[in-house]
Novice: 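Structure below; questions to follow.
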There are 2 protein chains.
Amino acid sequence: MNKRAKVTKAQIIEAALNVAAEKGAGKVTLDEVAKVSGFSKGGLLYHFPSKEALISAMVQQLVDDTEAGRQQLLAQGDNALTAMIKAHARLSEQVQGNTAMAILAAAAEQPGLLSPVQQACQVLVQDINAESGDNPEAVLLMLACDALWFQDMLSISPFTAQQKEQLLQYMQRRAKELMP
Amino acid sequence: MNKRAKVTKAQIIEAALNVAAEKGAGKVTLDEVAKVSGFSKGGLLYHFPSKEALISAMVQQLVDDTEAGRQQLLAQGDNALTAMIKAHARLSEQVQGNTAMAILAAAAEQPGLLSPVQQACQVLVQDINAESGDNPEAVLLMLACDALWFQDMLSISPFTAQQKEQLLQYMQRRAKELMP
DNA sequence: AATAATAAACCGTCTGGTTGGTACAGTAAA
DNA sequence: TTTACTGTACCAACCAGACGGTTTATTATT
């Protein structure tokens, strides 16, 4: 059934994300994902005809989740910058640490699987540029936010949780100033 | 001999970086590095007792190179922020694109190999905070610069080369303003 | 409603290939 | 003679994917 298949696919992706988060990006193997998800390897390959397809789906889901969260914040009245900052902060907390690192590292094996991420970035830049009147300060804020996220992703953040919190608050204040 | 060994090690690391840049992070195998470097697999393992040791050396070299470039700029009279921005820009051009992505992705397989990177980041933040009088704007600029580098690394930059150039120029102007 | 037919979802094993690493005998240089 | 390798042969583990078979759900037929 269509619905059942969707649920199964989601479960497999979730399992893959867990494997990546817990064992590291290099350990995302079909066998391991099968074991964790509870489905068989054959079942995996029925839904995702190749490992690449699975990783691609993982990336897509991350992008979709982030974008959905951002849209929700926009609908609540936040400006593009603020929404982005909040969405990223939320994502950083979501699964403590390295879920996304895993995806990116896995995707790095097959360059090109990150193109959905790039597209999402482009949309973001356009939104922010449009709303800020091409103010480079706004783009800088966006980039700084990205960097915090990248650092968390790779567990190389030079900041304490407290410092990061202060930074994010400062950024949100700044975001309100910049957006008319 | 010590000198000869050093040269050989450097050649092996360079070969490994090339493999990573050309074939992707996941394809950095001992056999491939041996083939590209011109040394035998036995030779590799003589100098780097494990793959982990090799990757660790790759990361360390990247960090050292970047830090050396930054120190050079500092010695020439640039302030900490400007030096950092220039050093990153240089690094982005250096090997067109994905050398560093490869290192990071490879390192992601063995979490913890990135700790030299984290340490380097901490030093950077301290330098910039000290020199700017803990101005959060300076940290923001640094983060934005980081983000540009991360984006290049993963080939997900939403900017054209021209746009990035303009951004970097804007950032350098801003850096001069912020630094007394 | 019972049954048969068909398709979708899923299982578990097998295979061919790759990988990191070992062992070791031998060669060349310093 | 020690250091720096070469080259080969080898191994155990791992891995992606193929494959044939089995169960479950849906549809068609009687």
Side-chain angles (χ1 to χ4, degrees), chain A residues 1-59 102-103 105-113, chain B residues 1-59 102-103 105-113:
Chain A
M1 204 153 177
N2 208 343
K3 192 158 196 176
R4 184 171 152 202
K6 270 189 181 175
V7 171
T8 302
K9 275 193 174 187
Q11 285 174 337
I12 292 173
I13 290 175
E14 194 192 336
L17 288 172
N18 285 339
V19 169
E22 285 160 24
K23 305 219 171 179
K27 298 293 167 68
V28 181
T29 66
L30 295 183
D31 289 281
E32 188 63 21
V33 174
K35 206 174 81 183
V36 170
S37 71
F39 293 97
S40 72
K41 197 172 177 179
L44 282 203
L45 288 163
Y46 175 81
H47 292 286
F48 303 99
S50 68
K51 186 188 180 180
E52 191 177 317
L54 172 59
I55 292 178
S56 183
M58 291 165 71
V59 173
I103 294 181
E109 284 183 20
Q110 303 283 334
L113 295 198
Chain B
M1 204 96 170
N2 208 339
K3 192 157 197 173
R4 187 174 152 202
K6 270 190 181 176
V7 171
T8 301
K9 275 192 172 188
Q11 286 175 337
I12 292 173
I13 290 175
E14 195 191 336
L17 289 171
N18 285 338
V19 169
E22 285 162 22
K23 306 219 170 179
K27 297 294 165 69
V28 181
T29 66
L30 295 182
D31 290 280
E32 188 64 21
V33 174
K35 207 175 82 181
V36 171
S37 70
F39 293 96
S40 69
K41 192 175 172 181
L44 280 204
L45 288 164
Y46 177 79
H47 291 287
F48 302 99
S50 69
K51 188 187 181 183
E52 191 177 317
L54 172 59
I55 292 179
S56 182
M58 290 165 72
V59 173
I103 294 181
E109 285 184 20
Q110 304 282 336
L113 295 198

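Each chain gets a letter, A, B and so on, in the order the sequences are listed, and its residues count up from 1.
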Novice: Nearest whole Å is fine: how far is C:dC11 P from A:Lys35 NZ?
Specialist: 16 Å
Novice: Going by the salt bridge (charged side-chain N to carboxylate O under 4.0 Å, His left out) test, which pairs reach into residues 38-50 of chain A, not counting sequence neighbours?
Specialist: A:Asp31-A:Lys41
Novice: Nearest whole angstrom, please: distance from the P of C:dT22 to the CG of B:Asp31.
Specialist: 14 Å
Novice: To the nearest 0.5 Å, how far apart are NZ in A:Lys6 and OG1 in A:Thr8?
Specialist: 12.5 Å
Novice: Without decimals, in angstroms, what is the distance between A:Glu52 CD and D:dA16 C1'?
Specialist: 12 Å
Novice: Kindly point out which of C:dG20, D:dA4, D:dC15 is positioned nearest to the side chain of A:Thr29?
Specialist: D:dC15
Novice: Can you tell me which residue pairs pass the side chain to side chain donor-acceptor pair (under 3.5 Å) test with a partner in residues 48-58 of chain A, sequence neighbours excluded?
Specialist: none
Novice: Take the protein atom CG of B:Leu30 and the nucleotide atom P of C:dT22, then report the distance between them rounded to whole Å.
Specialist: 10 Å
Novice: CD of A:Gln11 versus P of C:dA9: gap in Å, rounded?
Specialist: 14 Å
Novice: Which heavy-atom pair separates A:Ala34 from A:Ser40 by the least distance, and what is that distance?
Specialist: CB-C, 3.9 Å
Novice: Could you tell me whether the phosphate oxygens of C:dC10, OP1 or OP2, come under 4.0 Å of any side-chain nitrogen or oxygen in A:Thr8?
Specialist: yes
Novice: Contacts to DNA chain D from residues 37-48 of chain B, heavy-atom cutoff under 4.0 Å, which residues?
Specialist: B:Gly38, B:Phe39, B:Ser40, B:Gly42, B:Gly43, B:Tyr46, B:His47
Novice: Specify the separation, in whole Å, of atom NZ of A:Lys27 and atom P of D:dA16.
Specialist: 13 Å
Novice: Write down the distance between NZ (A:Lys51) and P (D:dC14), rounded to a whole number of angstrom.
Specialist: 14 Å
Novice: Separation of B:Glu32 atom CD from C:dT19 atom P, in whole Å?
Specialist: 8 Å
Novice: OP1 or OP2 of C:dA30 sitting under 4.0 Å from any side-chain N/O of B:Arg4?
Specialist: no
Novice: Do A:Leu17 and A:Met58 have side chains that get closer than 4.5 Å, going by heavy atoms?
Specialist: yes
Novice: Identify, with sequence neighbours excluded, every residue that meets salt bridge (charged side-chain N to carboxylate O under 4.0 Å, His left out) alongside B:Lys23.
Specialist: B:Glu32
Novice: Do the non-hydrogen side-chain atoms of A:Asn18 and A:Val33 ever get within less than 4.5 Å of each other?
Specialist: no
